[in-house]
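First the proteins, then the strands, lettered A, B, ... as listed; each starts at 1.
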Number of protein chains: 2
Amino acid sequence: MFKLSKKTEYALMALQHIASLDKGQVATAKEIAENKLIPHSLLAKILQQLTRHQLILSLQGAHGGYALGRKAEEITLAQMIEAIEGPIHIIECNESRYSCQRDDFCTLKNSLNPLQKQLTSYLHSVTLADVAAS
Amino acid sequence: MFKLSKKTEYALMALQHIASLDKGQVATAKEIAENKLIPHSLLAKILQQLTRHQLILSLQGAHGGYALGRKAEEITLAQMIEAIEGPIHIIECNESRYSCQRDDFCTLKNSLNPLQKQLTSYLHSVTLADVAAS
DNA sequence: ACAAAATAAGACTAAATTAGTCCGATATAA
DNA sequence: TTATATCGGACTAATTTAGTCTTATTTTGT
Ligand code: FES
Ligand code: FES
């Protein structure tokens, strides 16, 4: 399917939420989960993943929570999606580690390259600031 | 995942193949399957779906097979993909029949609208002629 | 010291989707 | 009437996605 996964949707919602915080504030997983109607323990996992990719930073312990890892203008849509779904490849055969039996005679890869390029360049051009604005 | 399904890849390969035929010629499912290394009975299903969507037309019986339903320039990438995967919606909540509990306070739908628009307009602008050329 | 409130990490289960198979029916040419 | 096709649908298997649970660790406040 040509669709974002629920996890990715949740990640984007959470990032929107965190981006809307005042400087110095943090949001807990619980807060975000309640606010956006996301299962808490699933969201927790997603926030951990975003932390590992340094899109957000976490403060552990009581009164802990999450805040943006850098300015919203410096977080691209591509980074947000790839943090959850991994590298974006319109077709599997473009993934590096994938060896395809059709490799020598396949024309599909090349045919779809423009789409791949178009899409990724767009995703790199949109930032969290843009996404949070709407 | 933000990826075309195998079925869709197979459909595109088959359409490339059919598009390369001389006027008046047809290709059988078997031929295409062997040529592109696609499981025969799966490809048969896919070709039936493309037929129902009138991207190709089928000739039944002995010496039957498939040919393009209209000129390659008049078959868009959007039509090819949607024939197999159904309408393209970047997020589930944009699908008409889907009623979301977050509908009244959700900002995500709007935020991703530009991406949805950008993508679909591109997919409508590319035709089988373009795809087959590479 | 200790309790409460968080995140971290990983194993696990359940649900949904995708990929692929199989079979009986129908159509058509030779 | 036989061989070669498509048609349609039910079915199974494999993979991916979605979601849960449990235990450990970090930090603050009392
Ligand atoms: S399908 Fe694998 S290389 Fe094109
Ligand atoms: S998530 Fe359903 S309306 Fe946005």
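- Distance A:I46 CD1 to D:dT17 P: 13 Å, rounded to the nearest Å.
- A:L59 is not connected to A:L50 by any chain of hydrophobic side-chain contacts under 4.5 Å among Ile, Leu, Val, Met, Phe, Trp and Tyr, and they are in different clusters.
- Nearest heavy-atom pair across B:L47 and B:A14 is CD2-CB, 4.0 Å.
- The shortest heavy-atom contact between B:H89 and A:K3 is O-CG, 3.4 Å.
- Here B:D130 pairs with B:T127 under the side-chain hydrogen bond (donor to acceptor under 3.5 Å, both in side chains) rule; sequence neighbours left out.
- Residue contacts shown for B:A29 are limited to sugar-phosphate atoms, with no base heavy atom under 4.0 Å away.
- Every residue was checked against the side-chain hydrogen bond (donor to acceptor under 3.5 Å, both in side chains) condition with B:D104, not counting sequence neighbours, and none meets it.
- When the local axes at the two ends of the helix from C:dA1-D:dT30 to C:dA30-D:dT1 are compared, using 5 base pairs at each end, they differ in direction by 10° after rounding to 10°.
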Every protein N/O lying under 3.5 Å from an N/O of nucleotides 2-4 of chain D:
unit_1, atom_1, unit_2, atom_2, d
D:dT4, O2, B:A62, N, 3.1

Taking only nitrogen or oxygen atoms into account, show me every contact under 3.5 Å that the protein makes with nucleotides 19-23 of chain D, one pair per line with its distance.
unit_1, atom_1, unit_2, atom_2, d
D:dG19, OP2, A:Y10, OH, 3.2

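- Side chain of B:S111 to main chain of A:V131: a donor-acceptor pair is present (N/O by atom type, distance under 3.5 Å, no hydrogens or angles).
- Regarding B:L59, its CG atom lies at a distance of 10 Å from the P atom of D:dT6, rounded to whole Å.
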So which protein nitrogen or oxygen atoms get under 3.5 Å of nucleotides 14-16 of chain D's nitrogens or oxygens?
none

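- Judged as a side-chain hydrogen bond (donor to acceptor under 3.5 Å, both in side chains), and not counting sequence neighbours, the contacts of B:Q79 are B:R70.
- Every residue was checked against the salt bridge (Lys or Arg N to Asp or Glu O under 4.0 Å) condition with B:E31, not counting sequence neighbours, and none meets it.
- Without hydrogens or angle criteria, A:E34 side chain to A:A29 main chain gives no donor-acceptor distance under 3.5 Å.
- The side-chain heavy atoms of B:L123 and B:T76, taken from C-beta on, include no pair separated by under 4.5 Å.
- In this structure B:A67 satisfies the side chain to side chain contact (heavy atoms under 4.5 Å, CB included) test together with B:V26, B:L57, sequence neighbours excluded.
- Nucleotides of DNA chain C with any atom under 4.0 Å from a heavy atom of chain B span, from 5' to 3', C:dA19 to C:dA30.
- For A:S5, a side-chain nitrogen or oxygen approaches OP1 or OP2 of D:dA18 to under 4.0 Å.
- Considering only residues two or more places apart in sequence or on other chains, B:K71 meets the salt bridge (Lys or Arg N to Asp or Glu O under 4.0 Å) condition with B:E74.
- Looking at heavy atoms from C-beta onward, A:L12 lies out of side-chain contact with A:I84 at the 4.5 angstrom threshold.
- Checking side-chain atoms of A:H124 against main-chain N and O of A:T120 turns up a donor-acceptor pair under 3.5 Å.
- Side-chain atoms of B:L112 and A:L4, non-hydrogen and from C-beta on, do get closer than 4.5 Å to each other.
- Between A:M13 atom CE and D:dA18 atom P there is a gap of 12 Å when expressed in whole angstrom units.
- In this structure A:S5 satisfies the side-chain hydrogen bond (donor to acceptor under 3.5 Å, both in side chains) test together with A:T8, A:E85, sequence neighbours excluded.
- As a whole-Å value, the separation of B:F2 CZ from D:dT17 C1' is 16 Å.
- Per the geometry, CG belonging to A:L57 stands 15 Å off C1' belonging to D:dT26, to the nearest Å.
- For B:R52, no side-chain nitrogen or oxygen approaches OP1 or OP2 of D:dC7 to under 4.0 Å.
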